[in-house]
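What you see below is based on every heavy atom in this structure, not just the backbone, and it leaves out hydrogens, waters and symmetry mates. Each chain gets a letter, A, B and so on, in the order its sequence line appears, and its residues count up from 1.
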Amino acid sequence: MKHPDIKAVSFVGSSDIAQYVYATGTAHGKRVQAMGGAKNHGIILPDANMEQAVKDIVGAAYGSAGERCMALPVAVTVGKKTGDEFVERMLDAARGLRVGYSTDADAHYGPVVSAAHKAKIESYIQMGVDEGADLKLDGRGLTMQGAENGFFIGPSLFDHVKPGMKSYQEEIFGPVLQVVRAETLEEAAALPSNHQYGNGCAIFTQNGRAAREFAAQVNVGMVGVNVPIPVPVSYHTFGGWKRSAFGDTNQHGPEGVKFWTKIKTITQRWPEGDIGDQAFIIPTMG
Amino acid sequence: MREVHHFVGGKVVAGTSGRFGDIFNPNTGKVQAKVSLATEAELDKAVANAAAAFPAWAAMNPQRRARVMFEFKRLLEANINELAELLSSEHGKVVADSKGDVQRGIDVVEFACGIPHLQKGEYTEGAGPGIDVYSMRQPLGVVAGITPFNFPAMIPCWMGAVAVACGNSFILKPSEKDPSVPMRMAELLLEAGAPEGVFNVVHGHLETSGYQGCQLRRLL
């Protein structure tokens, strides 16, 4: 617009703003990469190491109070037995979490960032209840003695969340884990693929073939196999798909170098003597 | 009350708008500091500053730019505890988690240390009779990054470390909720040897201005 001097804009934030930044920046001739929201799914197959999966997901769902674009706020269990066992164990794990001051070395996570964000998370919990999901653990109403105005919110867990629910379709960005029950791997794998966001996802299994197939087929940009938060190392590259990212290059790694540079290609000839041919046809260099 | 200002041309520059955003302590719910919100004119100045710094930085050979990144990495590592505590105090995540946030940023700086190799072009000898073809990767100029509150150390490094290592001048608009870590990183990058004006931090406020508000629009 008024700043022809700014050649490129990189953005990370929420999807609506990311889309606005992308559309506006590119309309003004700038290079733009704009990362948005996420709703990462963790799929738990019946043969998963359940103890490990619960340990991994409790950290990925509630760590940093869920305020990560690579948090894992949706667990998809395959089969009733897997679902029942997962929910039971996860409830124990979530109840055992210590919410504390950010300076508390023993706390698992601290307050959320603002009063407005706390209110938004709590309204999503109410939405889930109103939509008919089964609220097994309610983190609302947590107060810390001596810091009654701190932005604390306890861990929440919903069971029997359905894909049609608004609280499932949107990003909550808080310490809320939603469990969706599936009967088959196909049904489970379709959930992250069909979701509006496509940042990351994970699969927990001991079956290499199932994991390999899932990783190749799922419509999501970053995949973890028995890894709950598959944020790539710095020399690979970070980026989601669908409404999680606008633009065609990722953050850091070789893609980052590509985004922050422009390529120039020089074709040079140092002929001896006169140039013979006249260039009326496109040079083919044959 | 502590005030956080902009970082332009290698120094902290006091905001002149008279408009401030609140920086809360999420543990207590109380405002602990104020962050100055830039006017269009202030952003223009930052862009002009960055544009002036660009040619010399872009012309510096990539090995020397890499050495700045090596030193930046060393300084971040030396200050990781201080950075993590500062990050926790504004974001609210626990200190161990904040260290991870800074470490993930350091990892990208480490990657950017390889810029001489990463930015190399390609060459074809004899693409035609007496004809050679080569390519080069040139920096873009003044570029910008807009980062969220949730990873105030890692995400500015995703963008800033790679953009600066490539030879660009960078303007960061961090989240106004936790802007102190990016400000400290700007100081450390200057200390590491990046010329003044190569890495700038300008604060704005997306919520009150609406995302079609002036600060963001001007960046676009």
Side-chain angles (χ1 to χ4, degrees), chain A residues 1-3 5-13 17 20-21 24-25 28 30-31 63-65 67-69 100-105 107-115 147 149-151 231 233-235 238 251-254 256-257 260-271 283 285, chain B residues 24 26-30 47 51 88-89 91-98 104 107-108 110-111 115 118-119 121 127-151 155 158-159 162-163 166 168 171 177-178 206 211-212 216-220:
Chain A
M1 289 190 213
K2 291 181 187 169
H3 263 311
D5 280 347
I6 291 182
K7 306 298 181 195
V9 177
S10 180
F11 174 90
V12 177
I17 303 180
Y20 167 79
V21 168
T24 311
H28 290 84
K30 297 180 197 321
R31 190 178 286 204
S64 199
E67 294 172 316
R68 292 176 177 145
C69 54
Y101 291 116
S102 58
T103 48
D104 178 351
H108 292 99
Y109 71 85
V112 300
V113 72
S114 67
N149 295 318
F151 311 139
V231 177
V233 290
S234 63
Y235 45 94
F238 182 104
Q251 298 278 357
H252 66 74
V257 175
W260 296 114
T261 56
K262 55 192 173 186
I263 196 157
K264 178 183 282 183
T265 307
I266 294 107
T267 304
Q268 63 174 1
R269 175 162 66 172
W270 299 101
M285 309 218 175
Chain B
F24 285 90
N27 293 305
T28 62
K30 290 188 181 129
V47 173
S88 281
S89 71
H91 177 285
K93 67 173 85 174
V94 296
V95 175
D97 200 18
S98 295
R104 277 283 183 170
D107 288 353
V108 178
E110 187 174 68
F111 166 74
I115 203 65
L118 292 162
Q119 207 174 345
I131 295 173
D132 303 323
V133 177
Y134 65 98
S135 66
M136 54 180 82
R137 288 212 161 268
Q138 297 181 324
L140 303 172
V142 181
V143 296
I146 303 169
T147 54
F149 79 86
N150 66 333
F151 284 96
I155 297 180
W158 281 3
M159 303 171 182
V162 182
C166 287
N168 296 290
I171 295 179
K177 294 189 183 80
D178 46 15
L206 298 188
Y211 58 77
Q212 300 193 20
L216 185 55
R217 287 173 73 88
R218 295 286 286 176
L219 277 177
L220 297 173

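Nearest approach of A:Ile6 to B:Ala144, heavy atoms of both residues: CG2-CB, 4.1 Å. Closest approach of A:Pro111 and B:Gly92 over heavy atoms only: CD-O, 3.2 Å.
With values rounded to the nearest 0.5 angstrom, A:Thr261 atom OG1 is found 6.0 Å from B:Gln119 atom CD. Atom SG of A:Cys69 and atom CD1 of B:Ile155 lie 5.5 Å apart (nearest 0.5 Å). Interatomic distance, CZ of A:Arg68 versus CZ of B:Phe151, reported as 5.5 Å (0.5 Å rounding). Rounding to the nearest 0.5 Å gives a distance of 4.0 Å between NZ of A:Lys264 and CD of B:Gln138. One finds the CD1 atom of A:Ile17 at 9.5 Å from the CD1 atom of B:Ile146 (value rounded to the nearest 0.5 Å).
Side chain of B:Asn168 to backbone of A:Trp260: a donor-acceptor contact under 3.5 angstrom is found.
Side-chain contact between A:Val257 and B:Phe111 is present, with at least one heavy-atom pair separated by less than 4.5 Å. Using a 4.5 Å cut-off on side-chain heavy atoms (C-beta onward), B:Ile131 and A:Thr267 make contact.
Comparing B:Lys93, B:His91, B:Met136 by heavy-atom pairs within less than 4.5 Å of chain A, the highest count is held by B:Met136. Chosen from B:Asp107, B:Leu118, B:Thr28, B:Val95, the residue pairing most often with chain A at heavy-atom distances under 4.5 Å is B:Thr28. Note: B:Leu140 leads B:Val94, B:Val143, B:Asn150, B:Leu140 in heavy-atom pairs under 4.5 Å with chain A. Taking chain B as the reference chain and counting heavy-atom pairs below 4.5 Å, the highest number among A:Arg31, A:His108, A:His252 is found for A:His252. Residue with the most contacts toward chain A among B:Gly121, B:Pro139, B:Gly141, B:Ala51: B:Pro139 (heavy-atom pairs, distance under 4.5 Å). Looking only at heavy-atom pairs under 4.5 Å with chain B, the residue among A:Ser234, A:Ser102, A:Gly110 that has the most is A:Ser102.
Using a 4.5 Å cut-off between heavy atoms, B:Tyr134 contacts chain A through both its backbone and its side chain. Residue A:Tyr101 touches chain B through both its backbone and its side chain, counting heavy-atom pairs closer than 4.5 Å. Contact annotation for B:Ala163: both backbone and side-chain heavy atoms come within less than 4.5 Å of a heavy atom of chain A. With a 4.5 Å cut-off on non-hydrogen atoms, A:Val231 touches chain B through its backbone and its side chain both. Only the backbone of B:Thr147 comes within less than 4.5 Å of a heavy atom in chain A; its side chain stays farther off. For A:Gln268, the parts sitting under 4.5 Å from any heavy atom of chain B are the backbone and the side chain alike. Of the two parts of B:Asp97, only the side chain, counted from C-beta on, holds a non-hydrogen atom closer than 4.5 Å to a non-hydrogen atom of chain A. If you measure heavy-atom distances from A:Ala65 to chain B, you find no contacts under 4.5 Å at all.
The aromatic rings of B:Trp158 and A:Phe238 sit tilted relative to each other, their planes meeting at an angle between 30° and 60°.
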**Q.** Pair A:Val12-B:Met159, side-chain contact (heavy atoms from CB on, under 4.5 Å): steps then yes or no
**A.** CA-CA 10 Å; A:Val12 177; B:Met159 303 171 182; 3.5 Å; yes
Q: Test side-chain contact (heavy atoms from CB on, under 4.5 Å) on B:Glu110 and A:Tyr235 and set out the steps.
A: CA-CA 9 Å; B:Glu110 187 174 68; A:Tyr235 45 94; over 6 Å; no
